[in-house]
Number of protein chains: 2
Amino acid sequence: MKLSPWEIEARFRRHAVRLTRQRVAIYAALVNDASHPTADELYRTVKRQHPMMSRNTVYCTLGALRQAGLVQEVNVGHEVARFDGNVTVHHHLICRVCGRIVDVMDEELNRLAISSRQAEGFHVLGYRIEFYGYCADCQQARPDVLEHCG
Amino acid sequence: MKLSPWEIEARFRRHAVRLTRQRVAIYAALVNDASHPTADELYRTVKRQHPMMSRNTVYCTLGALRQAGLVQEVNVGHEVARFDGNVTVHHHLICRVCGRIVDVMDEELNRLAISSRQAEGFHVLGYRIEFYGYCADCQQARPDVLEHCG
DNA sequence: GACTAGACAGGAATGATTCCTACATAGCAT
DNA sequence: ATGCTATGTAGGAATCATTCCTGTCTAGTC
Ligand SMILES: [Mn+2]
Ligand SMILES: [Mn+2]
Ligand SMILES: [Zn+2]
Ligand SMILES: [Zn+2]
């Protein structure tokens, strides 16, 4: 389900995002990749077609697209930032071993309510659920939580 | 509800965590602070009573306590790591403006199920829910999402 | 009281992200 | 079409939370 350049341009205009070759390339790379890539992965992907592209452009573009609501950041724990071109409401399964992030589109999960008593004055805009566990490929492996200390 | 030194020692022994003055001080500072402090905040707090304490000790201790299951890391977006001495199952409300993190202890939220069809081979161990919005103090303020680019 | 695996302090190294700046260009007005 | 200006881009320097390294130090054990 590759997104056409025409549709990308339409989205940019709809969200008042300035249209440049670099931005289109970065957005196309992200929206056509369900793996929630990092900024550096996107950089390396896009660099094949745009050898002059700088990392800074990737970061700036992702920032602009995020502000425009075309991209969201999916952060897992303390790892490097990962990005998601799917901005429909959904949640994620995260493998504790390989870090894989898989989408969970489940209507049931989109109706969560929080008692106003609990919210204590908070104005809740939304929520995200991160399921964690072991993916099919990593069932037998154990997480490598080794840290040097002493 | 300040935790007694005696109770801290008991927990350390129960979880086979080596007992040192520094570790007790760090754990006490964390478990008696509901604000989910950063490593540096803990460092500055503990340094008052232990002037020789190094940041590395704080990081190593938090790592050891986390492996022992006495502490969890609460990461919000891409910010600095924050820690939680409350390891009972609970979720969080996060203010988009000031970054405040407030506990949500709601039994209702602890029964979420994910259809096995959706999980696609994933072995789900648990999940965390982050509610986001504006805290009582920040209702009128707008998030400051300014980034320099050009 | 000594042994030893593990912890501590201090400081160097790392690396993802942000910042800076000169140049280029998209979108708009003429 | 042509020029103007606000904004984007490339390249590289700077930041800073975290990790890594190394030489003491000490908690737990016998
Ligand atoms: Mn996703
Ligand atoms: Mn908490
Ligand atoms: Zn996996
Ligand atoms: Zn707030």
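Just so it is clear: chains get the letters A, B, ... in the order the sequence lines come, proteins before strands, and each one is counted from 1.
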Hydrophobic side-chain clustering at under 4.5 Å (ILVMFWY, transitive links): who's grouped with B/V87? Put none if nobody.
->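 Members besides B/V87: none; it forms no cluster.
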[X]: what forms a side chain to side chain donor-acceptor pair (under 3.5 Å) with it, not counting sequence neighbours?
{"X": "B/H78", "result": "none"}
{"X": "B/R100", "result": "B/D137"}
{"X": "A/D33", "result": "A/S35"}
{"X": "B/T88", "result": "B/N86"}

Using atom names, set out every protein N or O paired with an N or O of nucleotides 26-30 of chain C below 3.5 Å, distance rounded to 0.1 Å.
residue, atom, partner, partner atom, Å
C/dA26, O3', A/L19, O, 3.3
C/dA26, N3, A/R18, NH2, 2.9
C/dG27, OP1, A/L19, N, 3.1

Side chain to side chain contact (heavy atoms under 4.5 Å, CB included) filter on A/R111, not counting sequence neighbours, yields A/E107
Results of ring-ring contact (aromatic ring centres under 6.0 Å, His included) for A/Y43 - residues two or more places apart only |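 None.
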Report yes if at least one side-chain N or O of [X] is closer than 4.0 Å to OP1 or OP2 of [N]; otherwise report no.
{"X": "B/Q22", "N": "C/dA9", "answer": "yes"}
{"X": "A/R23", "N": "D/dT9", "answer": "yes"}
{"X": "A/H78", "N": "D/dA17", "answer": "no"}
{"X": "A/Y59", "N": "C/dT18", "answer": "no"}

To the nearest angstrom, how far is A/E79 atom CD from C/dT17 atom C1'?
-> 16 Å
Between atom CZ in A/F12 and atom P in C/dT25, what is the gap in whole Å?
-> 18 Å
With axes from five pairs an end, tell me the bend angle of the helix from C/dG1-D/dC30 to C/dT30-D/dA1, nearest 10°.
-> 40°
Should the heavy atoms of other residues, nucleotides or ligands under 6.0 Å from CZ of B/R14 be counted, would the total exceed 12?
->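 Above 12, so yes.
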May I ask you to check whether B/R11 and B/Y27 show a side-chain donor-acceptor distance below 3.5 Å?
-> yes
Please identify each residue that fulfils salt bridge (Lys or Arg N to Asp or Glu O under 4.0 Å) with B/R82, with sequence neighbours left out.
->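 For B/R82 there are no salt bridge (Lys or Arg N to Asp or Glu O under 4.0 Å) partners, ignoring immediate neighbours.
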Does a distance-only test, which skips hydrogens and angles, find a donor-acceptor pair under 3.5 Å between the side chain of B/N56 and the base of C/dG10?
-> yes
So the ring-ring contact (aromatic ring centres under 6.0 Å, His included) pairs with at least one residue in residues 79-111 of chain A (sequence neighbours excluded) are A/H36-A/H92, A/H90-A/H92, A/H91-A/Y127
What is the nucleic acid contact for B/A64, judged by heavy atoms within less than 4.0 Å: base, sugar-phosphate only, or nothing?
-> nothing
DNA chain D contacts made by residues 32-54 of chain A, counting heavy atoms under 4.0 Å =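 Output list: A/M52, A/M53, A/S54.
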